[in-house]
Colleague: 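Let me give you the structure first, and then I'll get to my questions.
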Amino acid sequence: MLDESIAPFLPSWLVRLDAPPSSRDPRGLQAHAMVQADRPLPGLNVFTSRARYYTFLCWALSRAQADASPRAHLERVLRLERLLVLCEGLQHEDDPLTCGYIGRRRGRRFVSERRGAGLWELPTRVLKNQVSNGALRLYRTSLASLGLGLRLTDRGQQLASQLEKVIDEDVVGWALEGGTQQQKRRGTLLGAGARMCPSSRIGAYERRYLVAALFGADGNGIERRETVQVLFEHRRLGFASVGNDSTDNDADRHHGRRRQARAA
């Protein structure tokens, strides 16, 4: 063990030999590296890889903050995160690698251990430490950078409304109030999961709001847009199909269908 009397004279980056193992930054470069890494795509990082998580979290924050004391807001968001994990685990039970979501490992385990069950309770744990490693924590800075906010801005409310209009209210109430003591039918959860799934195709209005948040003319949107343009030019980004539509009542899509029917 190091002599405590000489500790003040040691370089600040030196880790005590008897200290528990942890990540180290002996040259003090990590802070500078993070600043540089944030410049091409401000507010985005390796954790913020699913665009629909912005929609989900805006909706979760909106529901958590409605008719509840501030002290309960965080727990309500965490409950809705666990609802998403349960629905995703059931939705992709036969092909669990189809969709990436936060908490997938424990979600897969939770579903596989109860495979074939007709009734399901809300998981009490989907991550080792959900407060530190859950979706809200990983997207927290990004939500602010995109102008969506933790106390939702108008843009954040617009995104939240896209999920609010299609989600099963009964399932949401169950998750927020009694999901760990009561159970829901598998089919009901599968229906809710199809609408919340991060891999579902994004509706026209939701897409418009997300593009405005990510690449709009305000905030850091211009820097992100320029970086993406360069990546496309150098073929570092491409387009991909993301599955079925997440909602059937998107006004733009219905209007397009009516135009196609008239043309036929």
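Atom set for the values below is all heavy atoms of this structure, side chains included, hydrogens, waters and symmetry mates excluded.
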Colleague: Could you please spell out the steps behind the side-chain contact (heavy atoms from CB on, under 4.5 Å) verdict for Val228 and Leu41?
Modeller: CA-CA 8 Å; Val228 168; Leu41 292 168; 4.2 Å; yes

Colleague: Between Asp218 and Arg155, does any side-chain N to carboxylate O distance fall below 4.0 Å?
Modeller: yes

Colleague: What distance separates Arg208 CZ from Leu210 CG, expressed to the nearest 0.5 Å?
Modeller: 12.0 Å

Colleague: What's the separation between atom CZ in Phe110 and atom CZ in Arg125, rounded to the nearest 0.5 Å?
Modeller: 13.5 Å

Colleague: If we ignore angles and hydrogens, is there a donor and acceptor under 3.5 Å between the side chains of Glu206 and Thr55?
Modeller: yes

Colleague: Give a yes or no on whether a salt bridge exists between Arg82 and Glu121, defined as a side-chain N under 4.0 angstrom from a carboxylate O.
Modeller: no

Colleague: Which pair of heavy atoms, one from Arg76 and one from Ala64, lies closest together, and at what distance?
Modeller: NE-O, 3.0 Å

Colleague: Are Asp38 and Leu44 packed together at the side-chain level, in the sense that at least one heavy-atom pair is separated by less than 4.5 angstrom?
Modeller: no

Colleague: Same cluster or not: Ile222 versus Val230, using hydrophobic residues (I, L, V, M, F, W, Y) connected whenever any side-chain heavy atoms lie under 4.5 Å apart?
Modeller: no

Colleague: Roughly how far apart are Cys197 SG and Arg50 CZ, rounded to 0.5 Å?
Modeller: 7.0 Å

Colleague: Roughly how far, to the nearest 0.5 Å, is the CG atom of Asn220 from the CG atom of Leu146?
Modeller: 8.5 Å

Colleague: Tyr139 vs Ile102, test: side-chain contact (heavy atoms from CB on, under 4.5 Å). Steps then yes/no.
Modeller: CA-CA 11 Å; Tyr139 280 76; Ile102 298 168; 3.9 Å; yes

Colleague: Minimum heavy-atom separation for Val111 and Gly89, please, with both atom names.
Modeller: CG2-C, 3.6 Å

Colleague: What are the two closest non-hydrogen atoms of Ser145 and Gly43, and how far apart are they?
Modeller: OG-CA, 3.5 Å

Colleague: Check whether any side-chain heavy atom of Met196 lies under 4.5 Å from a side-chain heavy atom of Gln91, and answer yes or no.
Modeller: no

Colleague: Please check: side-chain N/O of Ser132 versus main-chain N/O of Asn129, any donor-acceptor pairing under 3.5 Å?
Modeller: no

Colleague: Using only atom types and a distance under 3.5 Å, with no angle test, would you say the side chain of Arg224 pairs donor to acceptor with the backbone of Ala213?
Modeller: yes

Colleague: Tell me whether Arg114 is salt-bridged to Glu93, with the criterion being a basic N under 4.0 Å from an acidic carboxylate O.
Modeller: no

Colleague: CG/Leu148 to CG/Leu57 distance, rounded to the nearest 0.5 angstrom?
Modeller: 9.5 Å

Colleague: Do the side chain of Thr188 and the main chain of Val171 share a donor and acceptor less than 3.5 angstrom apart?
Modeller: no

Colleague: Are Trp120 and Gln183 linked by a side-chain donor-acceptor pair shorter than 3.5 Å?
Modeller: no

Colleague: Just checking Arg137: does its CZ atom have more than 12 heavy atoms from other residues, nucleotides or ligands closer to it than 6.0 angstrom?
Modeller: no

Colleague: Flag the pair Leu119 / Arg186 as yes when at least one side-chain heavy-atom distance between them is below 4.5 Å, and no otherwise.
Modeller: no

Colleague: Consider only side-chain heavy atoms of I, L, V, M, F, W and Y, link residues closer than 4.5 Å, and tell whether Val211 and Leu231 are in one cluster.
Modeller: yes

Colleague: If every non-hydrogen atom of Ala194 is compared with every non-hydrogen atom of Ser200, which pair is closest and at what distance?
Modeller: O-OG, 3.0 Å

Colleague: Give a yes or no on whether the backbone of Tyr209 and the side-chain of Gln158 come within a donor-acceptor separation of less than 3.5 Å.
Modeller: no

Colleague: Would you say the side chain of Leu136 lies within less than 4.5 Å of the side chain of Val131, judging by non-hydrogen atoms?
Modeller: no

Colleague: Where do Leu86 and Pro123 come nearest, in terms of heavy atoms and distance?
Modeller: CB-CD, 3.9 Å

Colleague: Evaluate side-chain contact (heavy atoms from CB on, under 4.5 Å) for Arg104 paired with Val126, printing each intermediate quantity in order.
Modeller: CA-CA 8 Å; Arg104 184 171 65 179; Val126 295; over 6 Å; no

Colleague: Do Leu143 and Leu61 make a side-chain contact, defined as non-hydrogen atoms from C-beta onward lying under 4.5 Å apart?
Modeller: yes

Colleague: Would you say that Leu122 contacts Trp174 through its side chain, given a criterion of any heavy-atom pair below 4.5 Å between the two side chains?
Modeller: yes

Colleague: Would you please classify the geometry between the Phe56 ring and the Trp59 ring as parallel, tilted or perpendicular, with 30° and 60° separating the classes?
Modeller: tilted

Colleague: Starting from the C-alpha separation in whole Å, work towards a yes-or-no answer on salt bridge (Lys or Arg N to Asp or Glu O under 4.0 Å) for Asp168 and Arg195.
Modeller: CA-CA 9 Å; Asp168 188 326; Arg195 295 176 175 88; over 6 Å; no

Colleague: Would you say Leu90 ends up clustered with Leu97 if hydrophobic residues are merged whenever their side chains have heavy atoms under 4.5 Å apart, either directly or through other cluster members?
Modeller: no

Colleague: Are the side chains of Leu189 and Arg185 in touch, meaning some heavy atoms are under 4.5 Å apart?
Modeller: no

Colleague: With a 4.5 Å limit on heavy-atom distance, are the side chains of Ile202 and Gln162 in contact?
Modeller: no

Colleague: Any chance you could measure Arg225, atom CZ, to Gln229, atom CD, to the nearest 0.5 Å?
Modeller: 6.5 Å

Colleague: Determine whether the side chains of Ser142 and Tyr54 contain a donor N or O and an acceptor N or O closer than 3.5 Å.
Modeller: yes

Colleague: Over all heavy atoms of both residues, which pair between Ala175 and Leu80 is shortest? Give the atoms and the distance, please.
Modeller: CB-CD2, 4.4 Å

Colleague: Could you check Arg108 against Glu88 for salt bridge (Lys or Arg N to Asp or Glu O under 4.0 Å), going step by step and ending with a plain yes or no?
Modeller: CA-CA 9 Å; Arg108 289 170 56 189; Glu88 283 293 280; over 6 Å; no

Colleague: Per the side-chain contact (heavy atoms from CB on, under 4.5 Å) rule, which among Leu152, Leu163, Thr153 passes with Cys58?
Modeller: Leu152

Colleague: Using modelled atom types and a 3.5 Å cut-off, is there a donor and acceptor pairing between side-chain atoms of Asn45 and backbone atoms of Thr48?
Modeller: yes

Colleague: Do you reckon Leu214 sits in the same ILVMFWY cluster as Val46, going by side-chain contacts under 4.5 Å, direct or chained?
Modeller: yes

Colleague: Given the rule in the salt bridge (Lys or Arg N to Asp or Glu O under 4.0 Å) test, do Glu169 and Arg63 qualify, once you have shown the distances and angles that lead to the verdict?
Modeller: CA-CA 11 Å; Glu169 185 62 32; Arg63 292 306 304 260; 2.7 Å; yes

Colleague: Should Arg39 and Glu223 count as an ion pair when the cut-off is N to O under 4.0 Å?
Modeller: no

Colleague: Arg151 and Gln65: side-chain contact (heavy atoms from CB on, under 4.5 Å), yes or no, with the steps?
Modeller: CA-CA 9 Å; Arg151 285 287 180 180; Gln65 295 168 6; 3.7 Å; yes

Colleague: Does Phe47 have more than 12 heavy atoms from other residues, nucleotides or ligands lying within 6.0 Å of its CZ?
Modeller: no

